[in-house]
Amino acid sequence: MPVTHRLTAPAPGWTAATDVVVVGSGVAGLTVALNVRKAGLRAMVVTKAVLDEGSTRWAQGGIAAALGEGDTPEQHLDDTLVAGAGLCDEEAVRTLVTEGPDAVRRLIATGALFDRGEDGEILLTREGGHHRRRIAHAGGDATGAEISRALVAAVRTDPGVELIEHALVLDLLTDSEGHASGLTLHVMGEGQRDGVGAVRARAVVLATGGMGQVFSATTNPAVSTGDGVALALRAGAAVTDLEFVQFHPTPLWVGPDAEGQLPLISEAVRGEGAHLVDADGVRFMVGQHELAELAPRDIVAKAITRRMQEQGADHMFLDGRHFGAEMWEHRFPTILATCRAHGIDPVTAPIPIAPAAHYASGGVRTDPRGRTSVPGLYACGEVACTGVHGANRLASNSLLEGLVFAERIAADLADRHAAGELPERTVDVAAARAARPVPLPPSEARAEIQRLMSRGAGVLRSAASMADAAAGLALIAEQAHSHVAEEKPADPRVETWEAANLLLVATALVAAAAQREETRGCHWREDFPERDDAHWRRHLITTLAASGDPVSTPEEQ
């Protein structure tokens, strides 16, 4: 399948070659790179900032796996299926929970240091939706940072892994058979490789993380602009379930006009016994779910939003004063420091919180080996939709999913290499030139896209709100096209490429969300408040039409 659309960009000014090019340097991307090296394949890791700047390092709570006494993969599977609200792929979940414990042990062997008790056993905590303590953590509340540290150290010492930092991926390259043969990218900086270039490879792995920056308020870092999903759509790949964006219940509320990346108050704080309360100190989750504050995230986020609406408030509170200073300092040192930096001391006062965009449960559609619908293009981590999360991700399954399915991708590449099915590829230059260039919106469109999405497709959605968002997004796209026609196009640069990616994923998300006329998981329609299994217990598959517009089609039941 040839690439059908591409970002407007200069022709590549330099070329590099490798066996497997991995885009992204979180737990998923680095795990792929380290494991394909064991098969004798060369790997190149391309990352947008520096190696440890992605979403993995921000993961506070931990990584879920059935490691504790009395816990089993079957129990982990049950909790995941319940959280996924009827849309999980049960076999994908079974793969996750059965392969997960050994994958975590291999991560430890790589050098990741998890918190342990006096008996040397890994300490485990609970988070929302889990009926057992199965969350392994590091540094109290710095699990992602420790996992990132260990994997980055391993990658940096492997001479067979080439690293390109400060590089924004642009588009996929294919050969004459439509097989991925590399990608184009833009390196920000000066040196041997700067500006737009091309990397030729036998296979391409997307591990670019999420798209949280499509909303005004998010827990995601600034680099999470949906680059992987946008690239996949332009390349002709199918994406699935983009409407299921999880809003974390407890980011720190720092003011009514807060935008960008907000500090996260980990679900583990509730796992250790903190309470959600309103301004009067009333625990409003009691009686709403058997797990109260530890209900799945979609239920807690909805309850917080509903209470805010009822009381005309812009935030609720998380009360952990009963922990005492010693527990805050040893179990949650990062969160304690963050709160104090914002003038809040959780030892003596409740923490103001309000839901914000957190995690994309949907993404580039993959099979159990991480293969997408484009031959030679793989995806893993938050950019992918493996079927594990369904309509709502279970807390702390994200790091595990990245780990397990990255190992599966590496194993598939190793098997293909051994079978002679991974030859060197030649780029089909004619197909690349024939792809339709996507007009670039101006860089300031980013803020407008975020405002439209937060107002129209946030925690609470309706046909009217999403129609307004769709109209606003269409106007931005129309203006970009008209500027090209008037020979006044936006300059191709990082800010305009990111704006184009955000515009595409936002448009695709709204199209899918408007089509799903029900409330399920983290998709909450005020005009369709009930779950509708008869019509909507199925996935929405989105691709790009020849016009460049996203088209969502319900999967056959």
Enquirer: Does any part of the side chain of Glu407, heavy atoms only, come nearer than 4.5 Å to the side chain of Asp102, both counted from C-beta?
Expert: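 In short, these two side chains do not touch, never coming nearer than 4.5 Å.
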Enquirer: Can you give me the closest heavy-atom contact between Met453 and Leu473, atom names plus distance?
Expert: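 Looking at all heavy atoms of both residues, the closest pair is SD-CD1, 4.1 Å.
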Enquirer: I'd like to know if the side chain of Ser454 and the backbone of Ser216 have a donor-acceptor N/O pair within less than 3.5 Å.
Expert: yes
Enquirer: Which heavy atom in Arg538 sits nearest to a heavy atom in Leu87, and how many Å separate them?
Expert: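 Heavy-atom minimum between the residues: N-CD2, 3.5 Å.
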Enquirer: Does the side chain to side chain contact (heavy atoms under 4.5 Å, CB included) test come out yes or no for Thr507 and Leu503, once each step is laid out?
Expert: CA-CA 6 Å; Thr507 304; Leu503 180 59; 4.0 Å; yes
Enquirer: Taking C-beta and beyond as the side chain, do Asp79 and Arg134 meet within less than 4.5 Å on heavy atoms?
Expert: yes
Enquirer: Yes or no on side chain to side chain contact (heavy atoms under 4.5 Å, CB included) for Val459 and Trp524, after CA distance, side-chain angles and deciding distance?
Expert: CA-CA 7 Å; Val459 177; Trp524 186 13; 3.8 Å; yes
Enquirer: For Asp19, does its backbone N or O pair with a side-chain atom of Arg202 as donor and acceptor, under 3.5 Å?
Expert: no
Enquirer: Could you state the interatomic distance from CG (Leu206) to CG (Leu377), rounded to the nearest 0.5 Å?
Expert: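 Rounded to the nearest 0.5 Å, the CG-CG separation comes out at 4.5 Å.
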Enquirer: How many angstroms lie between CG in Asn501 and OG in Ser224, if you round to the nearest 0.5 Å?
Expert: 12.0 Å
Enquirer: Flag the pair Glu498 and Arg446 as a salt bridge only when some basic side-chain nitrogen lies within less than 4.0 angstrom of an acidic carboxylate oxygen.
Expert: yes
Enquirer: Any heavy-atom pair between the side chains of Leu170 and Leu183 that's under 4.5 Å?
Expert: no
Enquirer: Just one of Glu243, Arg461, Glu518, Gln246 clears the side-chain hydrogen bond (donor to acceptor under 3.5 Å, both in side chains) bar with His523, so which one?
Expert: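 Filter result, single survivor: Arg461.
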Enquirer: Looking at Val93 and Leu81, what are the two nearest heavy atoms and their distance?
Expert: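 In terms of heavy atoms, the two residues are closest at CG2-CD2, 4.1 Å.
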Enquirer: If I compare all heavy atoms of Thr110 with all of Ala154, which pair ends up nearest, and what's the gap?
Expert: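 Taking every non-hydrogen atom into account, CG2-CB, 3.9 Å.
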Enquirer: Decide yes or no on side chain to side chain donor-acceptor pair (under 3.5 Å) for Thr386 and Glu401, but give the supporting numbers first.
Expert: CA-CA 9 Å; Thr386 62; Glu401 183 202 29; 2.7 Å; yes
Enquirer: Are Val152 and Ser25 close enough, and set up right, to give a side chain to side chain contact (heavy atoms under 4.5 Å, CB included), and what steps lead you there?
Expert: CA-CA 8 Å; Val152 167; Ser25 59; over 6 Å; no
Enquirer: Output yes when Glu424 and Arg200 qualify as a salt bridge under the 4.0 Å nitrogen-oxygen rule, no when they do not.
Expert: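 Arg200 and Glu424: not salt-bridged.
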Enquirer: Without swapping roles, check the side chain of Arg520 against the backbone of Ala85 for a donor-acceptor pair under 3.5 Å.
Expert: yes
Enquirer: Check the angle between the aromatic planes of Tyr359 and His389 and answer parallel, tilted or perpendicular using the 30° and 60° thresholds.
Expert: perpendicular
Enquirer: As an exercise, state the distance from CZ of Arg393 to CG of Asp298, rounded to the nearest 0.5 Å.
Expert: 12.0 Å
Enquirer: Contact between Leu440 and Trp497 at the side-chain level, heavy atoms closer than 4.5 Å - yes or no?
Expert: yes
Enquirer: Report yes if the side chains of Leu168 and Val223 come closer than 4.5 Å at any heavy-atom pair, otherwise no.
Expert: no
Enquirer: Pair Val50, His166 - check side chain to side chain contact (heavy atoms under 4.5 Å, CB included), show working.
Expert: CA-CA 6 Å; Val50 294; His166 303 291; 3.6 Å; yes
Enquirer: Report yes or no: does Arg297 contribute a side-chain atom to a donor-acceptor pair with the main-chain N or O of Gly128 at less than 3.5 Å?
Expert: no
Enquirer: Could you tell me which non-hydrogen atom of Ala410 sits nearest to which non-hydrogen atom of Val32, and how far apart they are?
Expert: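 Of all heavy-atom pairs spanning Ala410 and Val32, the closest is CB-O, 4.1 Å.
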Enquirer: Check for a donor-acceptor pair, side chain of Asn35 on one end and backbone N or O of Thr31 on the other, with a separation under 3.5 Å.
Expert: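 Side chain of Asn35 to backbone of Thr31: a pair is present.
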Enquirer: Donor-acceptor pair, Thr184 side chain versus Asp171 backbone, under 3.5 Å?
Expert: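 Here the side-chain-to-backbone pair exists.
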Enquirer: A side-chain contact here means heavy atoms from C-beta on lying under 4.5 Å apart; do Leu7 and Arg234 qualify?
Expert: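 A side-chain contact under 4.5 Å exists here.
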Enquirer: Say whether, by atom type as modelled, one donor and one acceptor occur between the side chain of Asp367 and the main chain of Arg371 under 3.5 angstrom.
Expert: yes
Enquirer: Would you mind checking if Arg156 and Glu165 are paired as a salt bridge, meaning a charged N to carboxylate O distance below 4.0 Å?
Expert: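 Salt bridge between Glu165 and Arg156, a charged N being under 4.0 Å from a carboxylate O: yes.
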Enquirer: Whether Asp412 and Arg369 form a salt bridge (side-chain N of Lys/Arg under 4.0 Å from carboxylate O of Asp/Glu) is what I want to check.
Expert: yes
Enquirer: What closest approach, in Å, do Arg425 and Ala180 show between heavy atoms, and which atom pair accounts for it?
Expert: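 Heavy-atom minimum between the residues: CG-O, 3.9 Å.
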Enquirer: Does any N or O in the side chain of Ser148 come within less than 3.5 Å of the main-chain N or O of Gly144, such that one atom is a donor and the other an acceptor?
Expert: no
Enquirer: Calculate, to the nearest 0.5 Å, the distance between atoms CG and CG belonging to Asp227 and Leu185 respectively.
Expert: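 Interatomic distance, Asp227 CG to Leu185 CG, rounded to 0.5 Å: 12.0 Å.
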Enquirer: Return the NE2 to OG1 distance between His179 and Thr426, rounded to the nearest 0.5 Å.
Expert: 12.5 Å
Enquirer: Closer than 3.5 angstrom, by distance alone: can the side chain of Thr519 be matched with the main-chain N or O of Phe528 as a donor-acceptor pair?
Expert: yes
Enquirer: Does any part of the side chain of Glu448, heavy atoms only, come nearer than 4.5 Å to the side chain of Ile476, both counted from C-beta?
Expert: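 Result yes, sub-4.5 Å side-chain heavy-atom pair found.
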Enquirer: Give a yes or no answer on whether the side chain of Glu382 reaches the backbone of Ala360 with a donor-acceptor pair at less than 3.5 Å.
Expert: yes
Enquirer: Pick out which of Asp241, Thr372, Thr240 makes a side-chain hydrogen bond (donor to acceptor under 3.5 Å, both in side chains) with Arg365.
Expert: Thr240
Enquirer: Look up atom NE2 in His5 and atom CG in Leu504, then write down how far apart they are to the nearest 0.5 Å.
Expert: 9.5 Å
Enquirer: Under a 4.5 Å cut-off applied to non-hydrogen side-chain atoms, are Thr366 and Cys380 in contact?
Expert: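 Of all side-chain heavy-atom pairs linking Cys380 with Thr366, none is under 4.5 Å.
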